[in-house]
Structure formats: structure tokens, C-alpha cells
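All remarks here apply to the structure that follows.
Just so it is clear, the model here is predicted, and its values are computed rather than measured. Throughout, protein chains are lettered first and strands after them, A, B, ... in sequence-line order, and every chain is numbered starting at 1.
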Protein chains: 2
Amino acid sequence: MGADIWTPPTVLLAVDLVILTLRDSRLQVLLVERGIDPHRGALALPGGFLSDVTEDIPSAAERELAEEAGLDAAGLHLEQLSVYGTPGRDPRGRVVSVAYLAIAPRLPEPVAGTDAANAWWTPTDVALADHTRLAFDHRQIIVDGIERARSKLESSALATAFCSPEFTITELQQVYEAVWDVTLDPRNFYRKVQSVDGFIVPAGPTRKTENGRPARLFRAGPHTVLHPPMTRPPRPADMARTPA
Amino acid sequence: MGADIWTPPTVLLAVDLVILTLRDSRLQVLLVERGIDPHRGALALPGGFLSDVTEDIPSAAERELAEEAGLDAAGLHLEQLSVYGTPGRDPRGRVVSVAYLAIAPRLPEPVAGTDAANAWWTPTDVALADHTRLAFDHRQIIVDGIERARSKLESSALATAFCSPEFTITELQQVYEAVWDVTLDPRNFYRKVQSVDGFIVPAGPTRKTENGRPARLFRAGPHTVLHPPMTRPPRPADMARTPA
DNA sequence: ACCACTTCCTGTCAGTCTGACAGGAAGGCT
DNA sequence: AGCCTTCCTGTCAGACTGACAGGAAGTGGT
């Protein structure tokens, strides 16, 4: 406890975005190729530093969402994920990054074409494969983001954020199946989803054609917390290990 | 896209701690009285700036836990809560605070006596009462911390962190009742808690006396996620309206 | 028009879980 | 021994879940 004038250290503040969507019935994450050092050429999450010292952190996340992903934050689920600030994670200095989780509906196919056009949707299993080179600690951030999405699918209406404003129950089921990496019984899923109060509401008498019998359309209901929650079937891979 | 040399802005990084415990069958939070401006004299969460630019953020949280609360981080649940960095939340500059949620077992009664002795356990309803003056945005941080604890009691074994290493089922029930602010049926609670795989395990043939029949002792089991989860009964305040 | 095929949706049924309630077990105290 | 306290085991009806069958509503082929 010296009596000298001590001033607290300063850090560089960044935001990183885990943007998830459903394409080809697979969970995909948006990655960009880094054009500058460090980690030039490696894949990374969209993100960047605060533009100026007066910028709000959620605003920075929305700005990066538009600049690097070409996505409009309006009508897009965006929530804070966690903070990553281990010393040495960025060689440029002490960088503390606030990670955000964004969920994009499947519709906006063309992500590129905007400012930073070198962005690709990547299936999550590919992004997390051993041979994929990810910058910084972005691998861990992606893992955390996916786990957050998996968890929130149980207790919240987050699944509707993966869908267009109007969607069928089958589409909703595909969200659960892709994110949880399971297969669900359609009949039980129909029953369960419609019994949860305020989860989804019928969207007019409209219907939608594709191949078989037309499906009814729904939209997100008024409730964001699910009572009772959706139950995730136990994955066979989760064998319990007992730490001593 | 200017060609000028742009340097990202720097911010001051702080940690704040929401430390919850159970005292007198009530959920209580540790608050300190601020001795310096801004908000001198107001109540605040324990916390402070990073000590130096090389300090890890979790380490800073543990250091503040020891310095301001006199608690040892070992064997204490500590998890990151969220980040609070709205411009203007601190008049000294752009301060971004990483909030942590800590759960303390009921035993360590004397919190004071250490470096910063002006720390008190405060029932959460008192801390959040309208007449209580809380510094900065700490009211919101406390609300978020309590909600996190409430939520995690459902799906994780967090409740055991409120208890001594060995505890009775009744003590565990009091945790749920205090945090959720509900009353639970002891008989159903016994059945439920013991049926959840790996939640609690019997702790030897030991017993513990107090007033009536001795209670069996348990300790935390190997699993930290609960299958199936504990279900929180709907609070009477949430009157559901059933649309026709 | 009819059939084959696709997808969507409704029903049934047994096992399990939940909420409500009764009553016995095991201590201390007078 | 009684009486009080607290702990714990049982029972039972209703709700929920997982597994499975079969009808409803479209499209396309012949």
C-alpha cells in the first residue's frame, strides 16, 4: 500500500461477435479472414475495437455487425456473452474483448457484398475442427457461444430467432435438431411446442407450399421464457465423469 | 476508412463482486460503504480497478474478494456475470466493469476485521429497496446477479455452494426457498433432490444434532448440471392469463 | 381420374414425474 | 412416560413424456 500516486491501468476494449444461423439444416457461424496482423490470414470472428471513447458497447457490437457482417441489428437477437481478457491474448497490448452472441434468421443468404466481403458462413463442426486455424482465443468464444445457444433453447424462445418472422413447426424443429445435434420425434415436438404457453401463436390462416401437405404458419408468441421448458434429450456422448 | 493513423481508445477496467450468502434464512449481499468520491458514503459492491496491466481479470476478482470482503476464493463459487460499461456510469472516465457473482457458504460470519472492515451483509430486499442509495449502476448489477443465481439453481448444483461442505437436505431446501422466495414441500423436496443423479451424495454415517430428529448429512455430488432440472414453482405474482 | 408419394398433423397408451397430503421414526425436554 | 421438535417414508391422482399408428392435404405421374 504505497502512498505514491497510483493510476489504474488502461486497456483496449474490443467486441467480438458469434453470429449463428441455420443453413442446410446445419448450425453455422460467420467467420472472416483476417487481413492484418496479428494472425493475418487466419479465420476470426467479426469484431473490432471501440471506435471512440464515447461509444457504447452494445452500439459497437451493432456497428461491427453492420460493417463486418452486413447484417442489420434491428430484429436480430443480440446478447452479451462473456468477457475475454487474458493478458497476452493479443500481442498488440492488453486487449479485453466483450463477446456477443447474435442469432440470424436463415433468410439473408448473401452476407458478402458489403464493406468487408470476406466473410463466410462456416458449419460449426468445421469451424471447431482441429485443422481450422482460428485467431486469438476465438475458438473458446465460439464454443461458449454455441453452449449458450444450446442452453437458452431449453428455457427461452430463442429458437424463433433462427426463423423468419413466420415459420412452420417443422422449421422450428430443425432449429432444435441442428443446435442440439439430436433428432426429435415430430409428433411429440408438435404437441410439446403448442402446449407451451405463449411460445408460438398461429399466424393467420395462411399456409405455405413446398412439396407435401401445406404447413400452418406461426410466429413468435408473447413469452420469452418457456414454462415448462423444452427438455434436451441426453446426448449419448455425455458419459458422467467423477472428479476426485 | 481514413488514412490517418487511428488508435483505438483505452478504457479503465474494473471488477465488481456480487457476493451472495444465506443468513437468517434470507438471501443477503455484501455491500461496502464508499470512502472516496464519487458516491462517497453510498453503498456499493466490493470491487476496484485492475492493479496493473498484467493482472488477469479473474485474479483481480479474487484479489478484491480477499481485500474488500476478507473471503478466500478457494472453495468459493466465482463466475463471471456480465459487463457494464455505459459511458458516463463513472464520472472519473470511461470505466468498464466486469461483474462477478460469488456464492459464499453461510459459515464465515465475521466478514469485517480485515483490511476494509466497513462491509456488511445486507438482505437483498433491503439492498434493492427504493430508499437505499447504491453507487453507480450497482443496483442493476445486483438484480442481474440475483437473477443469475435464481436461474442457475434450476439447472445446476449451485445451491450446494451456499452450504457448508456437509449439509442436511433441510439446509439445502432453505437455500432454494430463500433464493427463489417460495415455500417448498419438504417431502417432495426430499424425493426430488435424492432422485437427481449425482446432485448430492451421503456423507458417511455421520449425523448432526440440533433440536429434533438428527438429520443425515450430504455433500455435493459429482455432477454440476442437473438432470432433470429442479423446477421453480411459478411465483403468485406472475398471474398467467389464458387467451381463449 | 386415379394412384403413388410427400409432408403435415391428430390420437392413443403406458411409464414416469409432480404436487398434495398422512403418518411413522428418532431425537431432546419436563 | 408423555410431549415436542424435526426428519423421513409412503400413497395417490393428475400431468407430462416417449414411443408408435394412421389419417389429412397437398403434388406429380400415368
Using modelled atom types only, decide if a donor and an acceptor are shared between the side chain of B:Gln140 and the backbone of B:Asp137 within a distance under 3.5 Å. no

Side-chain N or O of A:Arg216 less than 4.0 angstrom from OP1 or OP2 on C:dT10? yes

May I ask you to say what A:Thr170 touches in the nucleic acid, namely base, sugar-phosphate or nothing, with a heavy-atom cut-off under 4.0 Å? sugar-phosphate

Round to a whole Å and report the spacing from NE2 of A:His227 to P of D:dA15. 19 Å

Taking C-beta and beyond as the side chain, do B:Thr224 and B:Phe199 meet within less than 4.5 Å on heavy atoms? no

What is the separation between atom CG on A:Leu217 and atom P on D:dA25, rounded to the nearest whole Å? 17 Å

Looking at the rings of B:Phe189 and B:Tyr176, which for Trp means the six-membered one, are their centres under 6.0 Å apart? yes

For B:Asp185 and D:dG10, what is the distance between atoms CG and P respectively, to the nearest whole Å? 16 Å

Of the nucleotides D:dC8, C:dA20, D:dA19, which has the atom closest to the B:Asn188 side chain? C:dA20

Provide, to the nearest angstrom, the distance between the CZ atom belonging to B:Phe189 and the P atom belonging to D:dT9. 14 Å

When the nearest nucleotide of DNA chain D is assigned to B:Tyr190 and to A:Pro229 on a heavy-atom basis, which residue is associated with the more 5' position? B:Tyr190

Salt bridge or not between B:Arg26 and B:Asp24? Use side-chain N to carboxylate O under 4.0 Å. no

Comparing nearest nucleotides in DNA chain D, the 5'-proximal residue of the pair B:Ala215, A:Pro228 is B:Ala215

Starting from the C-alpha separation in whole Å, work towards a yes-or-no answer on side-chain hydrogen bond (donor to acceptor under 3.5 Å, both in side chains) for B:Gln80 and A:Ser82. CA-CA 8 Å; B:Gln80 194 187 106; A:Ser82 192; 2.9 Å; yes

Is any side-chain N or O of A:Arg191 under 3.5 Å from a base N or O of C:dG11, one able to act as donor and the other as acceptor? no

Between C1' of C:dC9 and CZ of A:Phe218, the distance in whole Å: 10 Å

Interface polar pairs with nucleotides 26-30 of chain C, N/O, under 3.5 angstrom:
residue	atom	partner	partner atom	Å
C:dA26	O4'	B:Arg213	NE	3.4

Report the distance from atom CG of B:Asp197 to atom C1' of C:dC17, rounded to the nearest whole Å. 16 Å

Stepwise side-chain hydrogen bond (donor to acceptor under 3.5 Å, both in side chains) test for A:Asp16 and A:Tyr84: CA-CA 10 Å; A:Asp16 284 310; A:Tyr84 301 84; over 6 Å; no

Nearest-angstrom distance from the residue atom CG of B:Leu184 to C1' of C:dT18: 13 Å

So which nucleotide from D:dC20, C:dC8, D:dC8 ends up closest to the side chain of A:Arg187? D:dC20

Report the distance from atom CD1 of A:Ile169 to atom P of D:dA24, rounded to the nearest whole Å. 19 Å

Compare side-chain N and O positions of B:Lys192 against OP1 and OP2 of C:dT18 and report whether any pair is under 4.0 Å apart. yes

Could you label the plane-to-plane angle of the B:Phe136 and B:His138 rings as parallel, tilted or perpendicular, counting under 30° as parallel and over 60° as perpendicular? tilted

